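Note sheet for the following structure.
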Amino acid sequence: MGAPARLRLTVTLAVSMVLALAACGTVGAGSAGRQQLTLWFWGAPPAHQKTMGQVLVDGFNQSQDKYTLSVTYNNNVDTNVQVALAANKGPDVVYSSGPSFAATYAAGGKLADLDTYAEKYGWKSSVIGPMYDVGTVGGKLYSLPNSVNTYGVFYSKKVLQRLGVPVPTSFAQLVEVMDKAKAAGMYASVTGNKGWKPVNLDYASIFLNQDAGPGAVYDALVGKIPWTDPALQRAVAGSASFYQSGYLGGADYSNLNFDQSMQLLAAGRSPFFLGPTLEFQFATDYFNDTAGNTDDLGFAPFPNINTGLASPSYALGTTASLSINGNSPNKDGAAEVINYMMSERFFTVMTKSWPGYWGVPLKSLGGASANDFTGLSRLYVSALKDLTAAVGKGNYGLDIATFFPPATQTALTNIDTVWLGSATPQQFLQTVQAAYQGDKAKNLVPPIPEPSR
Amino acid sequence: MAGIGYAAAEPAVTGAPETAPAARPSRAGRRRSGVYYLMVAPALLLSGLVVVIPGVLTAVAAFTDWDGLGLRPNWIGWTNFRDIFTDPVFLQALKNNFIWMALFLTVPVAIGLVTALLLLKRGRSRTVYQVVFLIPYVLAPITNAILWLNIIYNPISGLVGYLRGHGWQVSAPLADVHTAIYAVAGVDVWHFWGFLTVVYLAALRQTPVDQVEAALVEGANGWQLFRYVYLPSIRSTLRLMSVMIVIFSFLAFDYVYLLTQGGPAHATEMLSTYAYTAAFSAFQFGKAAAVGLVMSGFGLLSSFVFVWLSRKES
């Protein structure tokens with residue numbers, strides 16, 4: 001290639017690049033004068049991303065003509081959001097893995113105060129009380145949960161039938177069935193923390209709330225009793241005994257994730273999956289009309305371990321939180337997106353194809369009719385209605401991933417050190433106490449609603 | 001052991017002849033020096049921006065309670081260091097890093113060396129073997145980790161599941177506190193040893209042929225040939241690779257995080273995963289920075305040892 005030819009090629013490439021960049025700029029600026037809104041979301045499976053695109057993105061964009069929402073998906077969304085917020089960048093709508101993340105961002109001055117929007121859209125009166133309060137810091141609202149979540153027993157009706165046992169309604173019955181399953185060569189239950197260590201918090205939540213009781217958890221969270229209180233130690237020891245008996249995925253707890261666990265449940269390898277209601281989103285892959293086994297799956301609240309507690313009781317939690325970036329130029333638009341999600345219509349449409357993740361925390365959900373849904377969505381809505389009713393009576397526990405401050409949560413994630421014999425309940429809870437004191441000194445403990453005792 | 005992407009360079013041995021006392025540089029010499037400095041400037045500037053400044057900021061952060069978000073952290077002196085050195089989890093992580101180092105200084109080095117010696121005698125097929133051995137090294141860690149998680153360690157469909165399905169009561173290696181670190185290290189060794197083979201083979205091939213032939217004429221056996229001819233020839237490469245292994249042993253993160261996230265019960269916790277959890281789960285960036293300094297300290301120490309040994313030899 002001669003020099004003139006090289007020059008022509010260089011000029012052509014340069015002009016092409018400039019045009020391409022200009023074209024990108026045109027797209028980024030939005031079309032038809034609409035302002036761009038961004039939301040970073042976790043790396044949901046393709047089918048769920050499609051639902052999100054249709055129901056949230058297309059739905060919101062068609063509902064008004066001022067903003068264009070776009071959603072990007074990434075499994076490291078929490079880390080990405082943290083780093084971006086630290087640099088005063090990031091998405092307009094801030095998605096985070098629970099109120100404790102949002103509270104830390106708020107304390108760092110990275111989130112917008114939502115009080116004005118709460119008043120404008122009536123969130124204070126429409127959102128379930130404890131779910132609203134947990135998003136406040138210093139009396140101001142900074143986040144709203146996207147969904148309520150609790151823990152329960154997913155069971156295979158066929159396997160229970162094969163074992164010749166009814167659906168357990170007490171902890172003693174649950175253990176009895178799991179022993180039978182083990183004797184029959186099955187997993188007592190299927191679950192595991194492969195790929196997501198905070199799964200440990202689910203079982204810590206169950207034992208703290210349903211053995212020590214919501215009252216003891218509340219007292220520890222507000223500092224009335226230390227985390228080394230005997231009731232809490234007994235609950236942690238109980239969780240260790242439960243694990244060591246093989247009731248949590250047997251020897252494969254570290255080797256299974258929720259998706260594989262549900263696969264095993266559908267394959268009849270265990271009578272139970274013990275875990276959060278957000279698991280409904282994975283259950284649809286294995287219990288569906290194509291496989292002809294939708295009706296094989298059942299769900300029941302996790303029975304109280306301590307029979308002296310009010311029953312049924314649910315550890316109340318959320319799957320994620322929604323906030324507005326303090327540096328967003330489109331805060332009003334971001335608030336519109338959140339309000340778009342805080343509606344019965346959004347709940348209904350999302351839940352029909354993606355049950356488990358969009359139980360929007362509205363008081364009115366108690367009035368939703370499960371008969372309006374089919375398949376697993378119906379089962380999920382039914383579980384949500386029971387949860388909402390229990391919360392209305394004050395019979396709820398305090399989910400760790402929702403109500404606990406960040407360092408305390410991280411310390412509790414290490415409950416597997418007790419399960420595997422590396423620490424005693426007392427040693428473990430001493431580390432929790434130290435972490436809690438650090439969080440308290442930084443004012444990171446969220447407002448804690450007092451449950452019934 | 002990811003991220004080692006350097007050539008097995010020999011240490012710089014100048015061997016410069018003795019010169020007369022330096023005279024005052026001429027104007028042309030000074031101009032030439034100015035040009036050299038100008039040419040080095042971009043690299044220095046880049047290093048300053050991406051290494052020195054963040055390094056200094058990290059060192060400062062280690063003495064604060066920075067949460068990674070606000071811009072006004074409090075100065076808390078040595079508190080973060082006191083906290084980590086009294087935390088049993090940190091000590092467990094430190095111990096695991098030493099176990100990791102010991103494993104990587106022996107297992108892949110031995111496999112790589114033996115394989116390189118075997119390949120030394122191969123003809124054209126040597127190239128094919130090298131490419132095959134390098135495949136795990138060039139694959140992304142996430143790919144390797146998923147391969148092992150699904151094909152080997154998966155209790156449903158992997159090798160573990162297959163053996164169980166055929167009546168073998170095999171425990172899941174990643175789920176056992178006693179075997180987890182070896183199971184994770186096994187994956188990393190599998191990905192790493194091929195790289196060492198290629199490096200050692202390149203070094204072995206630099207051995208002067210006349211020395212090898214002389215030894216053979218003198219009747220040296222295989223072991224003697226290796227011990228007295230090849231080993232001295234590749235000693236500097238072995239030393240350099242060992243130092244790099246030590247440095248990267250204290251930076252080990254990807255395979256551990258991808259396979260176990262430091263669990264079960266901290267059985268595979270490393271300094272890096274400990275720091276990551278402190279920073280991104282507990283918002284204790286100051287504490288994470290303190291751990292980072294400790295990790296860098298071990299790397300620096302091994303670098304100094306390497307330089308000292310190199311100087312001693314030269």
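Model, not experiment: these values are computed from the prediction. Chain A is the first sequence line, chain B the second, and so forth, proteins listed ahead of strands; every chain is numbered from 1.
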Open item on the list: Heavy-atom pairs under 4.5 Å with chain A - which of B/Gly263, B/Ala175, B/Ala278 has more of them than the others?
Closed with: B/Ala175
- [ ] Give me the ring orientation class for A/Phe273 and A/Phe258: parallel if the planes are under 30° apart, tilted from 30 to 60°, perpendicular past 60°.
- [x] perpendicular
Task: Interchain contact, A/Asn255 with chain B, by part (heavy-atom threshold 4.5 Å) - done: both
Open item on the list: With a 6.0 Å cut-off (strictly less than), is the heavy-atom count around OH of A/Tyr286, excluding the residue itself, greater than 12?
Closed with: yes
Open item on the list: Is B/Ile156 close to chain A through its backbone or its side chain, or both, or neither, when contacts mean heavy atoms under 4.5 Å?
Closed with: side chain
TODO: Go through the atoms of A/Thr417 and report whether side chain, backbone, both or neither lie under 4.5 Å from a heavy atom of chain B.
DONE: both
Open item on the list: Report which part of B/Ala279 has an atom under 4.5 Å of a heavy atom belonging to chain A: side chain, backbone, both, or neither.
Closed with: backbone
Open item on the list: Heavy-atom cut-off 4.5 Å, strictly under: side chain, backbone, both or neither for B/Gln261 against chain A?
Closed with: both
Task: Pairs touching residues 41-67 of chain B that satisfy salt bridge (charged side-chain N to carboxylate O under 4.0 Å, His left out), sequence neighbours left out - done: none
Open item on the list: If I measure from the heavy atoms of chain A, does B/Ser171 come under 4.5 Å with its side chain, its backbone, both, or neither?
Closed with: neither
Task: Most contacts with chain B, counted as non-hydrogen pairs under 4.5 angstrom, among A/Val418, A/Leu85, A/Asp416 - done: A/Asp416
- [ ] Taking all non-hydrogen atoms of both residues into account, name the closest pair between A/Tyr142 and A/Ser323 and its distance.
- [x] O-OG, 2.9 Å
- [ ] Check the angle between the aromatic planes of A/Tyr253 and A/Trp419 and answer parallel, tilted or perpendicular using the 30° and 60° thresholds.
- [x] perpendicular
TODO: Answer with side chain, backbone, both or neither: which region of A/Lys110 has an atom nearer than 4.5 Å to a non-hydrogen atom of chain B?
DONE: side chain
Open item on the list: Angle between ring planes, B/Tyr162 versus B/His166, binned at 30° and 60°: parallel, tilted or perpendicular?
Closed with: tilted
Open item on the list: Using the rule given for ring pair (Phe, Tyr, Trp, His ring centres under 6.0 Å), can you reason through A/Phe404 versus A/Trp227, listing the C-alpha separation, both sets of side-chain angles and the distance that settles it, and then say yes or no?
Closed with: CA-CA 12 Å; A/Phe404 287 39; A/Trp227 285 95; 5.4 Å; yes
- [ ] Identify which part of A/Gln82 has an atom lying under 4.5 Å from any heavy atom of chain B, answering side chain, backbone, both or neither.
- [x] both
Open item on the list: I'd like to know which of A/Pro406, A/Ala267, A/Ser100 tops the heavy-atom pair count under 4.5 Å against chain B.
Closed with: A/Pro406
Task: Pairs satisfying salt bridge (charged side-chain N to carboxylate O under 4.0 Å, His left out), at least one member in residues 245-273 of chain A, at least two apart - done: A/Asp252-B/Arg164
Task: Option among A/Ile400, A/Asn200, A/Leu412, A/Thr402 that satisfies the side-chain contact (heavy atoms from CB on, under 4.5 Å) test with A/Ser205 - done: A/Ile400
Open item on the list: Can you confirm whether B/Ile151 sits close enough to B/Leu159 that some side-chain heavy atom of one is under 4.5 Å from a side-chain heavy atom of the other?
Closed with: no
Open item on the list: Under 4.5 Å from any heavy atom of chain B, what part of A/Ile415 do you find: side chain, backbone, both or neither?
Closed with: neither
Task: Structural part of A/Tyr187 lying under 4.5 Å from a heavy atom of chain B - done: side chain
Open item on the list: Is A/Leu256 close to chain B through its backbone or its side chain, or both, or neither, when contacts mean heavy atoms under 4.5 Å?
Closed with: side chain
Open item on the list: Counting only non-hydrogen atoms closer than 4.5 Å, does B/Tyr276 touch chain A with its backbone (N, CA, C, O), its side chain (CB onward), both, or neither?
Closed with: side chain
Task: Contact origin within A/Thr79 toward chain B - heavy atom pairs under 4.5 Å - done: both
